[in-house]
Amino acid sequence: YLPKKGIYGRLEPNAQPDDDDLPDDVEVLRLMQEEEKTAIRHLEYSNVQLAKALVDVDDKDFAIALAENREVLEKKRKHLADIAAKMQQLLPPQPVAEAPVIVAKRAPQPPPDRGTGAIGGL
């Protein structure tokens, strides 16, 4: 409200971003995907180290950090899945390749025994 300007209105928060606030550029999405994968690997490594440390020392801060990392990992994995889904949306469908047909040749068979009736053709 600005009385001297005669402006009345109300302040509303900006609209929340859509669930799909990812870019439409596949290359940018690939970079984001690699960054998320790297971050996930680092967090997983960190969690392993924290868990090992907690075996030796009962440290409240380590336990809190481990719990927080698990929450962050869950969010990052969901974000990674969202990125993959967006990329699948943007990329043209790939034709399903048919399996190659393999034609096996039969091994040559020995000719039938047309001997004199003696054993072994003798």
Side-chain angles (χ1 to χ4, degrees):
Y1 166 66
L2 301 170
K4 292 184 181 180
K5 298 282 184 183
I7 299 174
Y8 296 89
R10 65 177 205 212
L11 185 62
E12 293 184 20
N14 290 336
Q16 295 295 322
D18 294 336
D19 288 338
D20 181 18
D21 58 348
L22 296 169
D24 290 334
D25 185 334
V26 175
E27 288 306 313
V28 172
L29 289 169
R30 281 193 179 119
L31 289 171
M32 291 173 71
Q33 188 178 46
E34 287 307 311
E35 288 174 2
E36 286 297 323
K37 286 179 181 179
T38 300
I40 288 169
R41 277 193 308 271
H42 285 273
L43 276 171
E44 287 172 340
Y45 178 78
S46 176
N47 278 2
V48 168
Q49 298 304 312
L50 285 169
K52 285 180 183 177
L54 278 171
V55 169
D56 297 332
V57 178
D58 186 23
D59 188 315
K60 186 177 179 180
D61 291 332
F62 284 1
I64 291 170
L66 187 61
E68 288 174 353
N69 280 359
R70 288 181 178 146
E71 289 176 21
V72 172
L73 275 170
E74 185 177 321
K75 290 176 185 175
K76 288 202 168 290
R77 287 184 180 123
K78 182 188 180 319
H79 191 231
L80 188 60
D82 291 344
I83 292 169
K86 179 72 173 197
M87 288 174 67
Q88 190 172 14
Q89 256 181 4
L90 295 173
L91 292 172
Q94 299 296 319
V96 177
E98 293 184 24
V101 177
I102 300 173
V103 178
K105 293 184 179 182
R106 296 182 77 183
Q109 299 293 320
D113 186 18
R114 298 190 190 252
T116 59
I119 297 178
L122 296 175

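For the numbers below, each heavy atom of this structure counts, side chains included, while hydrogens, waters and symmetry mates do not.
There is a path of hydrophobic side-chain contacts, each under 4.5 Å, that joins L43 to L80. Connection of L22 to L90 is established within a shared hydrophobic cluster, with ILVMFWY side chains joined at heavy-atom distances below 4.5 Å, either directly or through further cluster members. Following chains of ILVMFWY side-chain contacts shorter than 4.5 Å, one can reach V26 starting from M32, so the two form part of one hydrophobic cluster. Grouping the Ile, Leu, Val, Met, Phe, Trp and Tyr side chains by contacts below 4.5 angstrom, directly or via other members, places L50 apart from I64. In the hydrophobic cluster analysis, where Ile, Leu, Val, Met, Phe, Trp and Tyr join through side-chain heavy atoms closer than 4.5 angstrom, L91 is grouped together with V28.
Side-chain atoms of E34 and K37, non-hydrogen and from C-beta on, do get closer than 4.5 Å to each other. By the 4.5 Å heavy-atom criterion applied to side chains, I83 and R30 are not counted as neighbours.
Note that CG of L66 is 11.5 Å distant from CG of D59, once rounded to the nearest 0.5 Å. Within the model, atoms CD1 of I40 and NZ of K75 stand 13.5 Å from one another, a figure rounded to the nearest 0.5 Å. The distance from atom CD of E35 to atom NZ of K76, rounded to the nearest 0.5 Å, is 9.0 Å. Note: R77 CZ to D82 CG = 14.5 Å, rounded to the nearest 0.5 Å. Going from atom CD of E44 over to atom CG of N69 covers 10.5 Å, rounded to the nearest 0.5 Å. Once rounded to the nearest 0.5 Å, the distance linking CZ of F62 with NZ of K52 reads 13.5 Å.
For A84 against Q33, the heavy-atom pair with the smallest separation is CB-NE2, 4.3 Å.
Side-chain atoms of S46 do not come within 3.5 Å of backbone N or O of H42 as any donor-acceptor pair.
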